[in-house]
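In what follows, a structure is listed as structure tokens, so that the remarks can point back to it.
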2 protein chains.
Amino acid sequence: MTSRKVVSFENIKVACKNCSLATLCLPMGLTPDDVERLDGIIKRGRPYHRGDHLYRGGDKFNSLRVITSGSVKTYSPNEDGGEQVLGFHLPGELIGLDAIQDDNHTCSAIALETTAVCEIPFSQLESLSCIMPSLQHQMYRLLSREIGQETEMLTLLGKKSAEERLATFLLSFSERFKQRGFSASDFFLSMSRHEIGNYLGLAVETVSRLFTRFQDENLLHVERKHVQLLNIPRLYDIVQGTDSAKSSQSRI
Amino acid sequence: MTSRKVVSFENIKVACKNCSLATLCLPMGLTPDDVERLDGIIKRGRPYHRGDHLYRGGDKFNSLRVITSGSVKTYSPNEDGGEQVLGFHLPGELIGLDAIQDDNHTCSAIALETTAVCEIPFSQLESLSCIMPSLQHQMYRLLSREIGQETEMLTLLGKKSAEERLATFLLSFSERFKQRGFSASDFFLSMSRHEIGNYLGLAVETVSRLFTRFQDENLLHVERKHVQLLNIPRLYDIVQGTDSAKSSQSRI
DNA sequence: AAAATGACTTGATCCTTATCAAGAAAGTCT
DNA sequence: AGACTTTCTTGATAAGGATCAAGTCATTTT
């Protein structure tokens with residue numbers, strides 16, 4: 001019975017040209033003809049369930065992957081047995097870029113919920129990008145964007161307070177959900193408090209306390225994974241770290 | 001008189017095929033013919049002096065740059081006027097990769113000492129990489145490597161203690177100097193304590209105290225910018241954060 | 001439905017590192 | 001050379017967040 005269900009899933013193969021994520025994804029900026037050619041090398045497998053690994057550190061690198069639904073956590077093991085969460089990835093986002101370097105995955109990727117992905121065999125993508133300059137350009141842009149995003153994380157971890165980190169985290173999801181046509185102020189987080197803390201360089205307890213405090217300050221309403229942002233502008237103030245957030249609150 | 005000197009500098013244009021850094025740099029893995037073609041698009045300008053900007057955030061992005069001598073700091077301004085140091089770059093290292101994304105530099109690069117660079121006009125590099133698959137491959141690898149390196153910084157800033165951070169920092173320079181044919185245990189750091197602290201997410205005072213402590217523990221000898229590493233293995237122990245460093249010290 | 005498990009929250013305490021403050025050393029300028 | 005500036009060091013204190021310890025709430029198991 002599961003097998004029949006899986007087969008039906010596999011039949012739901014949305015071609016790039018019909019995919020709502022195309023504007024966020026690799027086909028962005030390509031002509032319809034080029035999208036068609038790119039589509040030709042993409043593999044769409046069965047969905048992953050919560051806890052399934054898309055790949056693990058050390059695995060041979062063959063494909064880049066784009067999340068098409070669900071969400072994924074990437075992480076790398078660190079020396080002393082623990083892990084460092086590297087990112088949370090939503091539909092339209094490309095993962096595995098760090099593995100091009102030496103043909104092996106350096107980090108792992110695990111589904112946080114039922115998740116579908118497109119696999120893009122890298123060697124074929126590379127060949128294709130040799131004959132499709134616009135695809136090559138798009139690849140360079142995506143790789144560069146990834147570098148820019150990690151740079152922002154460096155500032156977050158290097159300079160920001162716990163409060164600023166969580167506000168940044170929440171607004172990042174708000175913006176990304178909005179981009180994808182979902183509510184910017186009402187969403188579910190698919191990861192645990194522990195994973196949020198790990199990602200932000202904070203202890204679980206600190207994350208929990210901050211959620212409570214933000215709620216007490218009417219910045220948001222939170223119930224487990226369900227978050228409703230009630231005062232997005234003030235969250236942006238907090239991100240700025242100008243401390244005007246507190247004063248603007250007291251001015252009310 | 002300066003102009004004559006500059007002219008003489010400009011004449012010292014080492015072609016890629018004669019450059020000792022070629023194995024670390026873009027030509028890595030290219031055939032001599034391909035290196036020649038790459039060489040054709042590279043511009044070698046006059047050297048920068050300490051404090052000169054190679055580019056600033058907001059500048060139009062035209063070229064990637066490879067340091068050929070000296071050293072460079074990259075940084076991005078952050079909201080509240082301060083800056084976040086993103087990296088220190090030694091000969092053979094490629095900078096500007098983050099700017100491909102939107103055709104503008106998002107961060108700034110400044111010479112920490114007299115520094116020479118090769119400029120690689122990106123549009124020409126892109127065209128060339130379309131007809132030279134091995135160059136394209138090398139570009140993907142370099143971009144991917146950059147992502148991997150930033151990932152390591154995330155772990156450093158997210159999980160490591162001040163002590164582990166400084167040890168990691170010192171060993172990174174040790175390894176990179178060694179790769180370049182210099183001593184792995186005796187070198188000059190071209191940046192200030194303040195810049196080190198900024199980069200590592202620590203206060204200047206903490207960096208200073210750690211240098212003193214490491215010296216007291218006979219891990220190194222430091223006098224201003226001149227660093228001599230006296231016990232590299234134990235520095236590696238510290239990086240691991242297993243705390244075995246301290247016990248191995250007391251065992252002596 | 002009760003028990004067990006895991007996730008989250010809350011409180012109390014401790015520790016690391018930031019901040020504040022001042023002095024020393026090095027480098028710069030006239 | 002002497003004054004000035006900047007960088008670095010060192011000490012004292014404070015604060016932010018980690019850690020330790022319980023307890024609560026959900027969810028799953030039996």
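Small disclaimer: the values here were computed from a predicted structure and weren't measured. Chain letters run A, B, ... following the sequence lines, proteins first, then strands; residues in each count from 1. These numbers come from the heavy atoms of this one structure, side chains and all, not from hydrogens, waters or symmetry mates.
- Distance CZ (B/Arg193) to P (C/dA26): 12 Å, rounded to an integer number of Å.
- At a threshold of 4.0 angstrom between heavy atoms, the contacts of B/Gly201 are confined to the sugar-phosphate backbone, with no base atom among them.
- Remark: C1' of C/dT10 and CG of A/Leu210 are 13 Å apart, rounded to the nearest angstrom.
- Residue B/Ala203 is classed as a base contact, given a heavy-atom separation below 4.0 Å to a base.
- As judged by a 4.0 angstrom heavy-atom cut-off over every strand, A/Ser208 is placed among the base-contacting residues.
- Ring-plane geometry between B/Phe88 and B/Phe173 is classed as tilted, the angle between the planes lying from 30 to 60 degrees on a 0 to 90 degree scale.
- Between A/Leu157 atom CG and D/dG17 atom C1' the separation is 15 Å, expressed in whole Å.
- Along DNA chain D, the nucleotide nearest A/Val204 and the nucleotide nearest B/Ser192 are compared for position; the residue whose nucleotide lies closer to the 5' end is B/Ser192.
- Side-chain atoms of A/Glu205 and base atoms of C/dC8 include no donor and acceptor less than 3.5 Å apart.
- Closest approach of B/Glu164 to B/Leu156, counting heavy atoms only: O-CD1, 4.4 Å.
- One finds a salt bridge joining B/Glu93 and B/Arg180 here, because a Lys/Arg side-chain nitrogen approaches an Asp/Glu carboxylate oxygen to under 4.0 Å.
- When the P atom of C/dG11 is taken as reference, atom CZ of A/Arg213 falls 14 Å away, rounded to whole Å.
- Between A/Asn198 atom CG and D/dA18 atom P the separation is 12 Å, expressed in whole Å.
- Closest to the B/Arg209 side chain, of the nucleotides C/dA25, C/dT19, C/dT10, is C/dT19.
- Considering only side-chain N and O atoms, A/Thr206 lies nowhere under 4.0 angstrom from the phosphate OP1 or OP2 of D/dG17.
- Remark: the B/Ser144 side chain and the A/Asp98 side chain contain no N/O donor-acceptor pair separated by less than 3.5 Å.
- Pairing each heavy atom of B/Leu189 with each of B/Phe187, the nearest pair is CD2-CE1, 3.9 Å.
- Distance CZ (A/Phe214) to P (C/dT9): 14 Å, rounded to an integer number of Å.
- Within 4.0 Å of A/Lys225, counting heavy atoms only, lie sugar-phosphate atoms of the nucleic acid but no base atom.
- Nearest to the side-chain atoms of A/Arg224 among the listed nucleotides D/dT7, C/dT9, C/dA7 stands C/dA7.
- Straight-line distance from the CD atom of B/Glu223 to the P atom of D/dT9: 10 Å, rounded to whole Å.
- What separates CZ of B/Phe211 from C1' of D/dT10 is a distance of 16 Å, to the nearest Å.
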